[in-house]
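These notes are about the structure you will find just below.
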Number of protein chains: 2
Amino acid sequence: MVVFAGQGDPRRSMALLWRTEGGRGTDAKRGPGPRPALSVDVVVDAGIAVADAEGMAALSMRAVGERLGRTAMALYTYVPGKGELVDLMYDQVLAELPADYDLTAGWRAALTSWAEDTWAFSLRHPWVLQVSQARPVLGPNEYRAMEALLRVLYATELSPAVLRRVVGTLTHFVRGAVQTVAESRLAAASTGVSDEEWWPARSGVLAEVAPDFAERFPLLVGLETEGAAPVTDDAVPYLEREARTTFEVGLGVVLDGIEAAVARAR
Amino acid sequence: MVVFAGQGDPRRSMALLWRTEGGRGTDAKRGPGPRPALSVDVVVDAGIAVADAEGMAALSMRAVGERLGRTAMALYTYVPGKGELVDLMYDQVLAELPADYDLTAGWRAALTSWAEDTWAFSLRHPWVLQVSQARPVLGPNEYRAMEALLRVLYATELSPAVLRRVVGTLTHFVRGAVQTVAESRLAAASTGVSDEEWWPARSGVLAEVAPDFAERFPLLVGLETEGAAPVTDDAVPYLEREARTTFEVGLGVVLDGIEAAVARAR
DNA sequence: TGCAGTCTCCTTACGCCATAAAGTAATGTT
DNA sequence: AACATTACTTTATGGCGTAAGGAGACTGCA
């Protein structure tokens, strides 16, 4: 369930995202009417809490309202709609990402830190992976995070034209890798069936239903038995271990590719 | 809206996916009861038609039923539920992908073809990008496509351990890159606002709401003006052009990284 | 002090969604 | 001819986002 950005009045959305009047926790001067018991920030935080705990699929206006002891409709006082709420939640959590990376150990080490931070961040708030990238949210923290990545990449001294694409390459890869883990956890949580239980059940049936499997897909069968990730921690499920190794090895591959581009440009 | 796989009886799901009794179009021997006017294949094709035309968000049991002149509930005769229907749709379209790649020009050229085919395929059926990868569908065509990719990758003579990860690296990257285009089209179609209209509207507001933008994000602003993709075809929207260039350049970067791994292994 | 205007928050309602349950009618087998 | 089985329908349940309208709280002005 990719969730799309709020499509209402751009002026209203952007004013909320970049809301500066004192920032979080300040209440602007009041006019007539009852004093608001909530605030945009409180609503956004409640949304984040719901999404963190129950996932994006469980994020409903009713659920957020309930967490605040209010009805769903009460939220519309603070936020134009669900799309905009998600935008605000997204930009809010993005504040957790570093605004700067240490470049003294070189760009490669810095990029590794960036990828590692992004990985950890995405697992802390897995629902961010379901926010569509097509129409970016354009909030301050998204820009802040992008600026941090760019600062690292400028150290490669690659041309702007290449640099632009490297940004995409890195984010696509990291996003895809961490998404595997996030979705796997989501599936386990929402079905109550762990990967460890799910996989043997399916592959057992597979053997029944496709007895000629080994002849049809020899390379696949060969690969399945070889090259699995070593078991370093039994508490980490199989699929997550595999995904983590793919992340580490794959990141190395991508960084090697960037290095090749750097060498070629020199 | 990531859509998760059907979570019902694995035996039933797998039997449907690998259904062999005559394959498409054969009707099994009949018992008592009215003769079925539809079939699993017809339902799956209708689902694909709906998803291709209107997107995953518009894929409802009602919509598919309506296309077949039936109620939503009628579909449950053929398919256990929506999740399983999506699984079947997914594996069905995957049959469009080649089962083999020409390796005479080397693995690099073959991988480029693979990436290109995956790109085109994903834009033909953008909704496949919203099928969760966490609990794979495990249908015959998914395995067929994977086997084709593996055949190419075996030509690199990398160790199985590395090869496993390279599969993930490539798929993550291609998926991420094409997803940008798919979501951008989806956003344009569902809101009626093209990227060309959307972006200036937003960035205009951005300038109002964040007058200190250029000081806060100097690298970002710098990059925005430099290194844009050259305009080769005016009919292709800006964001798609950018995404396509990212795909091409990024693929080169990843392939360079694989080449580095190959060289190191030698 | 009183009242008008404004604002928060509620209830109700609409039209979607997946799917459970139960009913109707058609068909093959005995 | 009776019965079991099946395709398909109608109806209902409990979710969703949010439009519309109303109740009561509060400020600012007369």
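Computed from a predicted structure; not experimentally measured. Reminder, nothing fancy here: chain letters follow the sequence lines and each chain counts from 1. Atoms considered below: every heavy atom in the structure, side chains included; atoms not considered: hydrogens, waters and symmetry mates.
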Between the protein and nucleotides 11-18 of chain C, list every N/O to N/O distance that falls short of 3.5 Å.
unit_1, atom_1, unit_2, atom_2, d
C:dC17, OP1, B:Ser60, OG, 3.1
C:dC17, OP2, B:Arg62, NE, 3.4
C:dA18, OP1, B:Met61, N, 3.2
C:dA18, OP1, B:Lys82, NZ, 3.4
C:dA18, OP2, B:Met61, N, 3.1
C:dA18, N7, B:Arg62, NH1, 3.4

Original post:
Shortest non-hydrogen contact from A:Ser184 to A:Leu239?
Top reply: OG-CB, 4.5 Å
Subject >> d(CZ, B:Arg70; P, D:dT9) in whole Å >> reply: 6 Å
Subject >> Nearest-Å distance for atom pair CD/C1', residues A:Glu84 and D:dG17 >> reply: 12 Å
**OP:** Could you label the plane-to-plane angle of the A:Phe217 and B:Tyr143 rings as parallel, tilted or perpendicular, counting under 30° as parallel and over 60° as perpendicular?
**Re:** tilted
Original post:
Judged by atom type as modelled, is there a donor-acceptor pair below 3.5 Å linking the side chain of B:Arg70 to the main-chain atoms of B:Arg62?
Top reply: no
Original post:
More than 12 non-hydrogen atoms from neighbouring residues, nucleotides or ligands closer than 6.0 Å to CE on A:Met14, yes or no?
Top reply: yes
Original post:
Are the charged groups of B:Glu183 and A:Arg135 less than 4.0 angstrom apart, N to O?
Top reply: no
Subject >> Euclidean distance, atom OH of residue B:Tyr78 to atom P of D:dA7 [Å, nearest integer] >> reply: 6 Å
**OP:** Could you tell me if the ring centre of B:Phe247 sits under 6.0 Å from that of B:Trp119?
**Re:** yes
Original post:
Taking the nucleotide of DNA chain C with the closest heavy atom to each, which residue, A:Gly69 or B:Gly81, is nearer the 5' end?
Top reply: A:Gly69
Write down the protein N/O and nucleotide N/O pairs, taken from nucleotides 26-30 of chain C, whose separation is under 3.5 Å; answer none if there are no such pairs.
unit_1, atom_1, unit_2, atom_2, d
C:dT27, O2, B:Gly33, N, 2.7
C:dG28, OP1, B:Arg35, NH2, 2.9
C:dG28, O4', B:Gly31, O, 3.3

**OP:** Mind running salt bridge (Lys or Arg N to Asp or Glu O under 4.0 Å) on A:Arg12 and A:Glu84 for me, showing each step along the way?
**Re:** CA-CA 9 Å; A:Arg12 170 104 191 261; A:Glu84 287 81 358; over 6 Å; no
**OP:** Hey, could you give me the CG/CG distance between A:Asn141 and A:Leu94, rounded to the nearest 0.5 Å?
**Re:** 6.0 Å
Subject >> Sugar-phosphate, base or nothing in reach of A:Ala74, heavy atoms under 4.0 Å >> reply: sugar-phosphate
Original post:
Which residue, A:Leu38 or B:Pro80, contacts DNA chain C at a nucleotide closer to its 5' end, judged by nearest heavy atom?
Top reply: A:Leu38
